[in-house]
J.: 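Please find one structure pasted underneath; my questions will follow.
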Amino acid sequence: MRLDMISTTLHIPLGGQFGFWQTVNSHGWCALVPFDVDKSEQRLGRLLELQNGTLVRCSLHRRSSNLTAELKSAGKITKAEKDEVRRQLTECLRLDEDLSEFYTEARRRPHYRWIARQRAGRLLRAPTVFEDVVKMICTTNCSWALTESMVGNLVRNLGTPFDNGVRSFPSPQALAQVTEKYLRTHIRTGYRSPYLLELATRIAEGDLKIEHWRSSTLSSEELFEEARSVKGMGTYAAGNILKLLGRYDYLGLDSWVRAKFYELHKKGRRVSDKTIERHYASFGKWKGLFFWLEMTREWYDRKFPF
DNA sequence: GCGTCCAGGTCTACC
DNA sequence: GGTAGACCTGGACGC
(Lines give C-alpha, C1' and ligand atoms only; values in the text may rest on other atoms or scores of the structure.)
Protein backbone atom coordinates (compact mmCIF):
# COMPACT_ATOMS: atom_id res chain seq x y z
CA MET A 1 0.00 0.00 0.00
CA ARG A 2 1.30 3.49 -0.92
CA LEU A 3 0.02 6.46 1.00
CA ASP A 4 0.62 10.18 0.51
CA MET A 5 3.00 10.84 3.35
CA ILE A 6 3.39 14.03 5.30
CA SER A 7 6.85 14.74 6.71
CA THR A 8 7.83 16.71 9.75
CA THR A 9 10.89 16.95 11.98
CA LEU A 10 11.25 16.76 15.73
CA HIS A 11 14.32 17.86 17.69
CA ILE A 12 14.94 16.42 21.14
CA PRO A 13 17.77 17.98 23.22
CA LEU A 14 20.23 15.42 24.57
CA GLY A 15 22.23 15.45 27.77
CA GLY A 16 26.01 15.11 27.65
CA GLN A 17 25.77 11.61 29.12
CA PHE A 18 23.83 10.21 26.21
CA GLY A 19 25.52 8.06 23.56
CA PHE A 20 23.07 7.63 20.67
CA TRP A 21 24.84 4.99 18.61
CA GLN A 22 25.97 3.18 21.77
CA THR A 23 22.33 2.97 22.94
CA VAL A 24 21.06 1.80 19.54
CA ASN A 25 23.63 -1.01 19.49
CA SER A 26 23.49 -1.86 23.21
CA HIS A 27 21.95 -5.28 22.45
CA GLY A 28 20.04 -7.07 19.72
CA TRP A 29 16.74 -5.15 19.87
CA CYS A 30 17.71 -2.71 17.08
CA ALA A 31 17.82 -5.67 14.68
CA LEU A 32 14.25 -6.76 15.47
CA VAL A 33 11.33 -5.18 13.59
CA PRO A 34 9.70 -2.71 13.80
CA PHE A 35 13.15 -1.27 14.61
CA ASP A 36 15.65 -1.08 11.76
CA VAL A 37 19.17 0.24 11.52
CA ASP A 38 21.08 2.08 8.82
CA LYS A 39 24.72 1.55 9.76
CA SER A 40 26.24 3.77 7.08
CA GLU A 41 24.10 6.77 8.11
CA GLN A 42 24.04 5.82 11.82
CA ARG A 43 20.25 6.00 11.91
CA LEU A 44 17.67 4.09 13.88
CA GLY A 45 14.27 3.57 12.25
CA ARG A 46 11.07 2.74 14.06
CA LEU A 47 7.35 2.62 13.31
CA LEU A 48 5.39 3.91 16.31
CA GLU A 49 1.70 3.31 16.95
CA LEU A 50 0.14 6.12 18.99
CA GLN A 51 -2.69 5.68 21.48
CA ASN A 52 -5.27 6.95 18.96
CA GLY A 53 -4.05 4.40 16.39
CA THR A 54 -2.04 6.87 14.29
CA LEU A 55 1.08 5.32 12.79
CA VAL A 56 4.25 7.41 12.63
CA ARG A 57 7.44 6.26 10.98
CA CYS A 58 10.55 7.76 12.69
CA SER A 59 14.07 7.97 11.35
CA LEU A 60 16.43 9.02 14.15
CA HIS A 61 19.97 10.32 14.10
CA ARG A 62 22.14 12.48 16.27
CA ARG A 63 22.92 16.01 15.17
CA SER A 64 25.30 17.76 17.61
CA SER A 65 23.46 17.99 20.95
CA ASN A 66 20.03 17.06 19.54
CA LEU A 67 18.29 13.89 18.56
CA THR A 68 16.68 14.59 15.20
CA ALA A 69 13.59 12.56 14.39
CA GLU A 70 12.30 12.74 10.84
CA LEU A 71 8.64 11.72 11.01
CA LYS A 72 6.32 10.45 8.31
CA SER A 73 2.60 9.89 8.70
CA ALA A 74 -0.52 9.51 6.56
CA GLY A 75 -1.95 12.81 7.84
CA LYS A 76 -0.73 15.98 9.52
CA ILE A 77 0.60 15.22 12.99
CA THR A 78 -1.03 17.24 15.77
CA LYS A 79 0.92 18.78 18.65
CA ALA A 80 -0.48 16.13 21.03
CA GLU A 81 0.69 13.38 18.66
CA LYS A 82 4.14 14.97 18.42
CA ASP A 83 4.31 15.01 22.21
CA GLU A 84 3.42 11.33 22.31
CA VAL A 85 6.11 10.52 19.71
CA ARG A 86 8.58 12.39 21.91
CA ARG A 87 7.42 10.39 24.96
CA GLN A 88 7.70 7.05 23.19
CA LEU A 89 11.18 7.84 21.84
CA THR A 90 12.26 8.96 25.32
CA GLU A 91 11.07 5.57 26.64
CA CYS A 92 12.88 3.60 23.91
CA LEU A 93 16.20 5.43 24.24
CA ARG A 94 15.98 5.82 28.04
CA LEU A 95 16.56 9.57 27.74
CA ASP A 96 15.11 10.19 31.21
CA GLU A 97 17.26 7.58 32.96
CA ASP A 98 19.92 9.13 35.17
CA LEU A 99 23.09 7.01 35.05
CA SER A 100 25.28 9.47 37.02
CA GLU A 101 25.56 7.11 40.01
CA PHE A 102 26.42 4.21 37.71
CA TYR A 103 29.12 6.23 35.95
CA THR A 104 30.57 7.31 39.31
CA GLU A 105 30.81 3.61 40.24
CA ALA A 106 32.41 2.83 36.87
CA ARG A 107 35.02 5.61 37.27
CA ARG A 108 35.99 4.21 40.69
CA ARG A 109 37.02 0.93 39.06
CA PRO A 110 39.96 1.17 36.60
CA HIS A 111 38.82 -1.85 34.59
CA TYR A 112 35.42 -0.21 33.95
CA ARG A 113 36.35 3.44 33.34
CA TRP A 114 35.82 2.92 29.63
CA ILE A 115 32.05 2.66 30.30
CA ALA A 116 31.75 6.30 31.38
CA ARG A 117 34.13 7.43 28.62
CA GLN A 118 32.04 5.60 26.01
CA ARG A 119 28.74 6.82 27.53
CA ALA A 120 27.61 3.18 27.42
CA GLY A 121 24.92 1.64 29.63
CA ARG A 122 21.59 2.69 28.19
CA LEU A 123 19.85 -0.41 26.84
CA LEU A 124 17.46 0.12 23.95
CA ARG A 125 13.90 -0.95 24.68
CA ALA A 126 10.53 -1.04 22.93
CA PRO A 127 7.85 1.62 23.49
CA THR A 128 5.88 -0.94 25.51
CA VAL A 129 6.74 -3.55 28.12
CA PHE A 130 4.47 -5.94 26.22
CA GLU A 131 6.71 -5.78 23.14
CA ASP A 132 9.85 -6.28 25.27
CA VAL A 133 8.35 -9.31 27.02
CA VAL A 134 7.12 -10.94 23.79
CA LYS A 135 10.50 -10.44 22.18
CA MET A 136 12.30 -11.74 25.28
CA ILE A 137 10.22 -14.95 25.20
CA CYS A 138 11.14 -15.25 21.53
CA THR A 139 14.85 -15.22 22.46
CA THR A 140 14.52 -18.24 24.74
CA ASN A 141 15.83 -21.65 23.77
CA CYS A 142 16.66 -20.80 20.17
CA SER A 143 19.20 -19.20 17.88
CA TRP A 144 19.16 -15.46 17.15
CA ALA A 145 18.08 -16.26 13.57
CA LEU A 146 14.99 -17.99 14.90
CA THR A 147 14.22 -15.02 17.18
CA GLU A 148 14.37 -12.73 14.13
CA SER A 149 12.10 -15.10 12.25
CA MET A 150 9.47 -15.33 15.02
CA VAL A 151 9.38 -11.56 15.62
CA GLY A 152 9.32 -10.90 11.86
CA ASN A 153 6.37 -13.28 11.45
CA LEU A 154 4.50 -11.62 14.34
CA VAL A 155 4.86 -8.16 12.81
CA ARG A 156 4.21 -9.32 9.21
CA ASN A 157 1.06 -11.28 10.12
CA LEU A 158 -0.46 -9.36 13.02
CA GLY A 159 0.95 -5.81 12.88
CA THR A 160 -1.03 -2.86 11.51
CA PRO A 161 0.11 -2.02 7.96
CA PHE A 162 1.68 1.37 7.28
CA ASP A 163 3.45 2.32 4.07
CA ASN A 164 5.64 0.26 1.79
CA GLY A 165 5.19 -3.06 3.62
CA VAL A 166 6.19 -1.64 7.02
CA ARG A 167 3.99 -2.78 9.93
CA SER A 168 3.68 -1.95 13.61
CA PHE A 169 4.29 -4.36 16.46
CA PRO A 170 1.01 -6.19 17.20
CA SER A 171 -1.02 -5.09 20.21
CA PRO A 172 -2.00 -7.55 22.98
CA GLN A 173 -5.55 -7.43 21.55
CA ALA A 174 -4.34 -8.39 18.05
CA LEU A 175 -2.28 -11.26 19.43
CA ALA A 176 -5.07 -12.44 21.72
CA GLN A 177 -7.43 -12.80 18.75
CA VAL A 178 -5.53 -15.65 17.10
CA THR A 179 -5.36 -19.31 18.06
CA GLU A 180 -2.47 -21.34 19.39
CA LYS A 181 -2.56 -23.35 16.16
CA TYR A 182 -2.21 -20.14 14.13
CA LEU A 183 0.83 -19.12 16.17
CA ARG A 184 2.43 -22.52 15.73
CA THR A 185 1.71 -22.69 11.99
CA HIS A 186 2.19 -19.10 10.80
CA ILE A 187 4.39 -17.44 13.42
CA ARG A 188 6.51 -20.55 14.09
CA THR A 189 6.69 -19.84 17.82
CA GLY A 190 6.40 -23.55 18.63
CA TYR A 191 5.86 -24.49 22.28
CA ARG A 192 6.07 -20.76 23.18
CA SER A 193 2.69 -20.24 21.46
CA PRO A 194 0.46 -20.97 24.50
CA TYR A 195 2.72 -18.72 26.64
CA LEU A 196 2.38 -15.80 24.20
CA LEU A 197 -1.36 -16.33 23.88
CA GLU A 198 -1.85 -16.44 27.65
CA LEU A 199 0.24 -13.27 28.09
CA ALA A 200 -1.69 -11.36 25.42
CA THR A 201 -5.07 -12.58 26.69
CA ARG A 202 -4.34 -11.65 30.31
CA ILE A 203 -3.27 -8.15 29.24
CA ALA A 204 -6.17 -7.69 26.79
CA GLU A 205 -8.65 -8.72 29.49
CA GLY A 206 -7.04 -6.44 32.07
CA ASP A 207 -5.83 -9.22 34.39
CA LEU A 208 -2.14 -8.34 33.96
CA LYS A 209 -0.87 -4.78 33.89
CA ILE A 210 2.72 -5.07 32.76
CA GLU A 211 2.93 -1.51 31.42
CA HIS A 212 3.08 -0.42 35.09
CA TRP A 213 6.32 -2.31 35.59
CA ARG A 214 8.48 0.58 34.36
CA SER A 215 7.22 2.88 37.10
CA SER A 216 6.64 0.20 39.73
CA THR A 217 7.51 0.90 43.35
CA LEU A 218 8.00 -2.82 44.05
CA SER A 219 11.46 -3.98 45.07
CA SER A 220 13.56 -5.59 42.35
CA GLU A 221 13.05 -8.99 44.01
CA GLU A 222 9.26 -8.55 43.94
CA LEU A 223 9.33 -7.32 40.34
CA PHE A 224 11.53 -10.27 39.36
CA GLU A 225 9.01 -12.68 40.89
CA GLU A 226 6.15 -10.93 39.10
CA ALA A 227 8.02 -11.24 35.80
CA ARG A 228 8.72 -14.91 36.58
CA SER A 229 4.97 -15.46 37.04
CA VAL A 230 4.49 -14.91 33.29
CA LYS A 231 4.61 -18.35 31.66
CA GLY A 232 7.68 -18.73 29.49
CA MET A 233 9.70 -16.23 31.54
CA GLY A 234 12.37 -18.06 33.49
CA THR A 235 15.39 -16.66 35.28
CA TYR A 236 17.18 -15.62 32.07
CA ALA A 237 14.17 -13.82 30.56
CA ALA A 238 13.04 -12.18 33.82
CA GLY A 239 16.58 -11.00 34.65
CA ASN A 240 16.92 -9.35 31.28
CA ILE A 241 13.44 -7.82 31.35
CA LEU A 242 14.38 -6.22 34.66
CA LYS A 243 17.35 -4.56 32.94
CA LEU A 244 14.91 -3.06 30.45
CA LEU A 245 12.88 -1.77 33.40
CA GLY A 246 15.94 0.01 34.79
CA ARG A 247 16.69 -2.61 37.48
CA TYR A 248 20.13 -4.16 37.20
CA ASP A 249 20.13 -6.55 40.20
CA TYR A 250 20.08 -9.72 38.07
CA LEU A 251 22.58 -11.09 35.56
CA GLY A 252 20.16 -12.84 33.17
CA LEU A 253 22.51 -15.65 32.20
CA ASP A 254 22.25 -17.45 28.87
CA SER A 255 24.66 -19.71 27.01
CA TRP A 256 26.29 -16.83 25.11
CA VAL A 257 27.16 -14.71 28.17
CA ARG A 258 28.25 -17.76 30.14
CA ALA A 259 30.69 -18.72 27.37
CA LYS A 260 31.92 -15.11 27.24
CA PHE A 261 32.47 -15.07 31.00
CA TYR A 262 34.42 -18.36 30.85
CA GLU A 263 36.58 -16.90 28.06
CA LEU A 264 37.24 -13.57 29.81
CA HIS A 265 37.72 -14.79 33.38
CA LYS A 266 38.40 -18.54 33.45
CA LYS A 267 40.54 -19.22 30.34
CA GLY A 268 37.55 -20.97 28.77
CA ARG A 269 36.90 -23.29 31.75
CA ARG A 270 33.25 -23.76 32.71
CA VAL A 271 32.18 -22.67 36.18
CA SER A 272 28.84 -22.71 37.95
CA ASP A 273 26.34 -19.86 37.74
CA LYS A 274 26.89 -19.30 41.47
CA THR A 275 30.57 -18.58 40.76
CA ILE A 276 29.57 -15.98 38.15
CA GLU A 277 27.09 -14.46 40.62
CA ARG A 278 29.82 -14.24 43.29
CA HIS A 279 32.16 -12.53 40.83
CA TYR A 280 29.72 -9.62 40.41
CA ALA A 281 28.27 -9.52 43.93
CA SER A 282 30.32 -6.44 44.91
CA PHE A 283 28.66 -4.38 42.14
CA GLY A 284 25.41 -4.34 44.14
CA LYS A 285 22.36 -3.01 42.35
CA TRP A 286 24.40 -2.28 39.20
CA LYS A 287 25.76 -5.81 38.80
CA GLY A 288 23.59 -6.73 35.80
CA LEU A 289 24.70 -3.65 33.88
CA PHE A 290 28.42 -4.02 34.67
CA PHE A 291 28.16 -7.68 33.70
CA TRP A 292 26.42 -7.05 30.36
CA LEU A 293 28.79 -4.23 29.40
CA GLU A 294 31.86 -6.28 30.30
CA MET A 295 30.58 -9.18 28.18
CA THR A 296 29.96 -6.87 25.21
CA ARG A 297 32.96 -4.55 25.58
CA GLU A 298 34.47 -5.66 22.29
CA TRP A 299 31.37 -4.31 20.53
CA TYR A 300 32.40 -0.83 21.67
CA ASP A 301 36.07 -1.33 20.89
CA ARG A 302 35.36 -2.26 17.28
CA LYS A 303 32.18 -2.28 15.18
CA PHE A 304 28.83 -3.14 16.65
CA PRO A 305 27.51 -6.54 15.48
CA PHE A 306 23.97 -5.56 14.58
C1' DG B 1 16.26 -35.07 -0.46
C1' DC B 2 15.87 -37.45 3.79
C1' DG B 3 16.94 -38.75 8.46
C1' DT B 4 19.47 -37.84 12.62
C1' DC B 5 21.64 -35.06 15.97
C1' DC B 6 22.31 -30.89 18.49
C1' DA B 7 21.80 -26.27 20.78
C1' DG B 8 19.02 -23.19 23.03
C1' DG B 9 15.66 -21.79 28.22
C1' DT B 10 11.54 -23.11 30.61
C1' DC B 11 8.08 -26.06 32.52
C1' DT B 12 6.41 -30.04 34.90
C1' DA B 13 6.67 -34.26 37.22
C1' DC B 14 9.13 -36.82 40.18
C1' DC B 15 12.39 -37.96 43.89
C1' DG C 1 15.40 -28.14 46.59
C1' DG C 2 17.37 -30.66 42.86
C1' DT C 3 17.05 -33.25 38.54
C1' DA C 4 15.37 -35.48 34.23
C1' DG C 5 12.80 -35.26 30.29
C1' DA C 6 9.78 -32.93 27.11
C1' DC C 7 8.90 -29.00 24.38
C1' DC C 8 10.06 -26.96 19.10
C1' DT C 9 12.80 -25.05 15.48
C1' DG C 10 16.44 -24.64 12.22
C1' DG C 11 21.06 -25.65 11.04
C1' DA C 12 24.75 -29.00 10.43
C1' DC C 13 25.97 -33.27 9.00
C1' DG C 14 26.05 -37.91 6.92
C1' DC C 15 24.13 -40.88 3.64
Side-chain angles (χ1 to χ4, degrees), chain A residues 27-29 31-33 123 125-126 129-158 170 172 175 178-203 207-208 210 213 220-245 247-264 266 268-281 287-288 291-292 295-296 299 305-306:
Chain A
H27 62 128
W29 259 209
L32 296 177
V33 286
L123 305 179
R125 66 186 178 187
V129 178
F130 172 68
E131 182 179 328
D132 280 336
V133 169
V134 168
K135 285 178 170 175
M136 198 62 76
I137 291 173
C138 289
T139 67
T140 59
N141 204 21
C142 65
S143 63
W144 182 250
L146 186 53
T147 299
E148 290 183 307
S149 164
M150 288 186 274
V151 173
N153 290 338
L154 272 171
V155 169
R156 199 173 310 114
N157 288 281
L158 298 174
L175 187 48
V178 303
T179 62
E180 182 183 326
K181 188 177 175 194
Y182 179 90
L183 290 176
R184 286 179 185 269
T185 311
H186 294 89
I187 313 298
R188 311 295 288 170
T189 36
Y191 68 90
R192 303 165 195 82
S193 305
Y195 304 154
L196 295 175
L197 208 49
E198 183 181 312
L199 170 72
T201 304
R202 285 176 68 194
I203 295 171
D207 293 338
L208 181 66
I210 60 174
W213 286 359
S220 295
E221 290 74 17
E222 290 167 326
L223 208 47
F224 182 80
E225 286 312 315
E226 194 160 323
R228 285 278 287 112
S229 75
V230 172
K231 281 252 185 71
M233 296 264 288
T235 52
Y236 149 80
N240 283 303
I241 276 296
L242 254 71
K243 290 178 196 166
L244 299 184
L245 300 174
R247 313 287 190 105
Y248 306 103
D249 313 67
Y250 294 87
L251 300 185
L253 298 173
D254 66 6
S255 55
W256 186 83
V257 288
R258 284 190 189 96
K260 202 74 198 168
F261 179 86
Y262 306 153
E263 176 196 325
L264 293 176
K266 302 292 172 185
R269 186 173 57 86
R270 289 170 68 103
V271 293
S272 70
D273 289 354
K274 281 187 178 157
T275 302
I276 303 177
E277 292 281 350
R278 272 199 303 275
H279 184 93
Y280 291 94
K287 66 167 92 93
F291 171 64
W292 176 249
M295 296 306 104
T296 57
W299 297 0
F306 300 104

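Both backbone and side-chain heavy atoms feed into the values below; hydrogens, waters and symmetry mates do not. Letters A, B, ... mirror the listed sequences (proteins, then strands); counts begin at 1.
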J.: Give the rounded distance in Å between these two atoms: CD1 of Ile187(A) and C1' of dT9(C).
T.: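 Going from Ile187(A) (CD1) to dT9(C) (C1'), I get 15 Å.
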J.: Between CE of Met295(A) and NZ of Lys260(A), what distance do you get to the nearest 0.5 Å?
T.: 8.5 Å
J.: Is there a side-chain hydrogen bond (donor to acceptor under 3.5 Å, both in side chains) between Tyr195(A) and Thr189(A)? Walk through the geometry before answering.
T.: CA-CA 10 Å; Tyr195(A) 304 154; Thr189(A) 36; over 6 Å; no
J.: With a 4.0 Å cut-off on heavy atoms, is Ala145(A) in touch with a base, just the backbone sugar-phosphate, or nothing at all?
T.: nothing
J.: Check DNA chain B against residues 250-257 of chain A and give the residues with a non-hydrogen atom under 4.0 Å, in numerical order.
T.: Asp254(A), Ser255(A)
J.: Whole Å only: how far is the CD atom of Glu148(A) from the P atom of dG10(C)?
T.: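 One finds 13 Å between P of dG10(C) and CD of Glu148(A), rounded.
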J.: Is it the case that the side chain of Arg247(A) and the backbone of Leu223(A) share a donor-acceptor pair, with hydrogens and angles ignored and the cut-off at 3.5 Å?
T.: no
J.: Would you mind reading off the distance between Leu183(A) atom CG and dT9(C) atom P, rounded to a whole angstrom?
T.: 12 Å
J.: For nucleotides 6-8 of chain C, give me every protein contact, N/O to N/O, under 3.5 Å, one pair per line with atom names.
T.:
{"unit_1": "dC8(C)", "atom_1": "OP1", "unit_2": "Arg184(A)", "atom_2": "NH1", "d": "2.3"}
{"unit_1": "dC8(C)", "atom_1": "OP1", "unit_2": "Arg184(A)", "atom_2": "NH2", "d": "3.0"}

J.: Is there any protein nitrogen or oxygen under 3.5 Å from a nitrogen or oxygen in nucleotides 1-4 of chain C, and what are the pairs?
T.:
none

J.: Once you round to the nearest 0.5 Å, how far does CD1 of Ile187(A) lie from CG of Leu158(A)?
T.: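 If I round to the nearest 0.5 Å, the distance is 4.5 Å.
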J.: Donor-acceptor pair, distance only, cut-off 3.5 Å: does the side chain of Asp254(A) make one with the backbone of Val257(A)?
T.: yes
J.: Distance-only, no hydrogens or angles: does the Ser193(A) side chain make a donor-acceptor pair with backbone N or O of Gly190(A) under 3.5 Å?
T.: yes
J.: Does Arg125(A) use its side chain to pair, donor to acceptor, with the backbone of Leu244(A) at less than 3.5 Å?
T.: yes
J.: How bent is the helix from dG1(B)-dC15(C) to dC15(B)-dG1(C), comparing axes over its five end pairs at each side, to the nearest 10°?
T.: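 Comparing the first five pairs with the last five, the axes sit 30° apart.
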J.: Mind checking what makes salt bridge (charged side-chain N to carboxylate O under 4.0 Å, His left out) contact with Lys287(A), not counting sequence neighbours?
T.: none
J.: Would you indicate whether the side-chain heavy atoms of Leu175(A) and Leu154(A) approach each other to under 4.5 Å?
T.: yes
J.: All N/O contacts under 3.5 Å from nucleotides 11-14 of chain B to the protein, with atom names and distances to one decimal?
T.:
{"unit_1": "dC11(B)", "atom_1": "OP1", "unit_2": "Gly232(A)", "atom_2": "N", "d": "2.7"}
{"unit_1": "dC11(B)", "atom_1": "OP2", "unit_2": "Arg228(A)", "atom_2": "NH1", "d": "3.2"}

J.: How far does CG of Leu183(A) sit from CE of Met150(A), to the nearest 0.5 angstrom?
T.: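 Those atoms lie 11.5 Å apart.
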J.: Ignoring hydrogens and geometry, is there a side-chain-to-backbone donor-acceptor pair from Asn240(A) to Gly252(A) under 3.5 Å?
T.: yes
J.: According to the interplanar angle, ranging from 0 to 90°, do the rings of His186(A) and Tyr182(A) count as parallel (below 30°), tilted (30 to 60°) or perpendicular (above 60°)?
T.: parallel
J.: What is the distance from atom CG of Leu123(A) to atom CH2 of Trp29(A), rounded to the nearest 0.5 Å?
T.: 10.5 Å
J.: Which whole-number value in Å describes the distance from Trp144(A) CH2 to dT9(C) C1'?
T.: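 To the nearest whole Å, that distance equals 16 Å.
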J.: Please walk me through it: do Glu277(A) and Lys274(A) pass salt bridge (Lys or Arg N to Asp or Glu O under 4.0 Å)?
T.: CA-CA 5 Å; Glu277(A) 292 281 350; Lys274(A) 281 187 178 157; over 6 Å; no
J.: Please state how far atom CG in Asp273(A) lies from atom C1' in dG9(B), giving the value in whole angstrom units.
T.: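 Rounded to whole Å, this separation is 12 Å.
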J.: Roughly how far, to the nearest 0.5 Å, is NZ of Lys266(A) from NE2 of His279(A)?
T.: 7.5 Å
J.: Grab the two heavy atoms, one from Arg228(A) and one from Thr235(A), that are nearest each other, plus how far apart they are.
T.: CD-N, 3.8 Å
